[in-house]
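Below, chain A is the first sequence line, B the second, and so on; all start at residue 1. Excluded from the calculations below are hydrogen atoms, water molecules and symmetry mates; all remaining heavy atoms, backbone and side chain alike, are included.
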There are 2 protein chains.
Amino acid sequence: MKVIYADLLNELKSRNIRLSHQRLKVLEYLTKNYTHPTVDQIYNGLHQDVPTLSKTTVYNTLNSLVDAGLVRVINIEDNETRYDIDTDNHGHFKCEKCRKIYDFKINIDSFDAHELDHFKIFDKNIYFKGICRQCQIDSSNIQSNN
Amino acid sequence: MKVIYADLLNELKSRNIRLSHQRLKVLEYLTKNYTHPTVDQIYNGLHQDVPTLSKTTVYNTLNSLVDAGLVRVINIEDNETRYDIDTDNHGHFKCEKCRKIYDFKINIDSFDAHELDHFKIFDKNIYFKGICRQCQIDSSNIQSNN
DNA sequence: TTATTATATTGTAATCATTACAAGTTAGTA
DNA sequence: TACTAACTTGTAATGATTACAATATAATAA
């Protein structure tokens with residue numbers, strides 16, 4: 001899914017969330033970096049460009065954006081929260097070697113979960129963990145060098 | 001899924017994990033409390049019975065059991081890790097009102113995720129968030145009392 | 001049973017992510 | 001241009017988890 005920056009701005013305006021310099025920069029970062037970044041990565045990525053930026057502001061901004069439904073939280077490891085500007089229905093794969101998070105297409109709604117028939121569901125998440133293709137290739141190359 | 005305590009003990013023995021008093025108590029707690037407890041809940045639940053128990057031991061024990069594949073980690077909220085003695089293929093629903101976690105049957109392997117065809121997958125997780133049936137009933141009763 | 005030893009437990013201190021808070025700043029509006 | 005509610009910032013607080021070193025114990029063999 002392609003995220004259109006201008007659409008995000010309209011979305012913010014319609015929700016009366018002020019278009020502060022810092023928020024626009026965080027949004028811009030997320031639309032330019034599809035890496036499911038952590039708060040630290042966002043902060044470090046923007047710090048040169050916005051020297052006054054505070055990490056608290058990054059937290060505040062992300063919380064606002066999540067509340068507004070413009071950003072999704074990814075909780076895979078318990079010690080690092082990641083953020084995703086793509087709120088469409090998709091899954092995440094985390095490589096335990098290179099730590100990269102890959103998106104993959106999956107229609108979560110195609111499941112039947114009858115036990116939840118009378119439950120209100122706001123949010124559906126799928127994530128897998130393992131070793132990505134590239135890391136398998138890399139490690140077999142290292143072995144063949146022995 | 002019914003977890004057989006004796007099977008867990010054999011599993012531990014075969015992996016050369018010592019059957020210390022504290023570990024047995026944590027395992028017993030998990031097999032008796034299908035509530036996906038937090039570390040605090042386990043610690044508080046056992047503290048009367050095992051007064052010398054340390055919270056560090058609960059952490060250490062759970063990490064060992066997770067490494068051994070006897071317990072699964074549930075990361076839904078970023079600030080509370082929960083533990084599940086049921087390692088079978090199933091999904092979790094977290095109610096945002098009563099905070100309870102419900103299990104539901106779902107065959108995660110029934111999906112096709114072709115983009116991951118050459119990825120090694122060790123671990124698959126599904127969780128939903130929303131309002132459970134009981135909390136919806138409760139809140140409509142409160143409203144009708146107005 | 002007893003002695004031995006590798007492994008486990010414990011309490012405290014350290015770490016790290018996140019939030020609380022209060023003072024200063026700014027976006028949006030009139 | 002002035003006003004004000006909302007936002008940003010830096011620091012301090014919080015809370016979960018881990019590191020560490022001293023003590024205790026499970027498993028093994030004599």
Can a donor-acceptor pair be found, under 3.5 Å and without considering hydrogens, that links the side chain of [X] to the backbone of [Y]?
X: A:R72; Y: A:V66; value: no
X: B:Y34; Y: B:D103; value: no
X: A:Q136; Y: A:I131; value: yes

So, are A:K94 and A:E77 salt-bridged, with charged N and O less than 4.0 Å apart?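 Answer for the salt bridge query: yes.
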I'd like to know if A:D117 pairs up with B:R133 as an ion pair, taking the criterion as any Lys NZ or Arg NE/NH1/NH2 lying under 4.0 Å from an Asp or Glu carboxylate oxygen.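 Judged by the 4.0 Å cut-off on N to carboxylate O distance, A:D117 and B:R133 do not form a salt bridge.
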Quick one: stems involving DNA chain D, counted as three or more successive Watson-Crick or G-U pairs, both distances short of 3.5 Å.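 The stems are C:1-30 with D:1-30.
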Value in whole Å for how far the [atom2] atom of [N] lies from [atom1] of [X]:
X: B:N60; N: D:dC20; atom1: CG; atom2: P; answer: 13 Å
X: A:D40; N: C:dA17; atom1: CG; atom2: P; answer: 6 Å
X: A:H21; N: C:dA27; atom1: NE2; atom2: P; answer: 9 Å
X: B:L24; N: C:dA8; atom1: CG; atom2: P; answer: 13 Å

With the side chain of [X] defined as its heavy atoms from C-beta on, choose the nearest nucleotide among [options].
X: A:T61; options: D:dT8, C:dC21, D:dT18; result: D:dT8
X: B:S20; options: C:dT19, C:dT9, D:dA16; result: C:dT9
X: A:D78; options: D:dT8, D:dT17, C:dT26; result: D:dT17

With no hydrogens and no angle check, do the side chains of A:R82 and A:N75 hold a donor and an acceptor under 3.5 Å apart?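 Judged by distance alone, the side chains do not pair up.
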Is any side-chain N or O of B:R23 under 3.5 Å from a base N or O of C:dA8, one able to act as donor and the other as acceptor?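 When only heavy-atom distances are counted, B:R23 does not reach the base of C:dA8 through any donor-acceptor pair under 3.5 Å.
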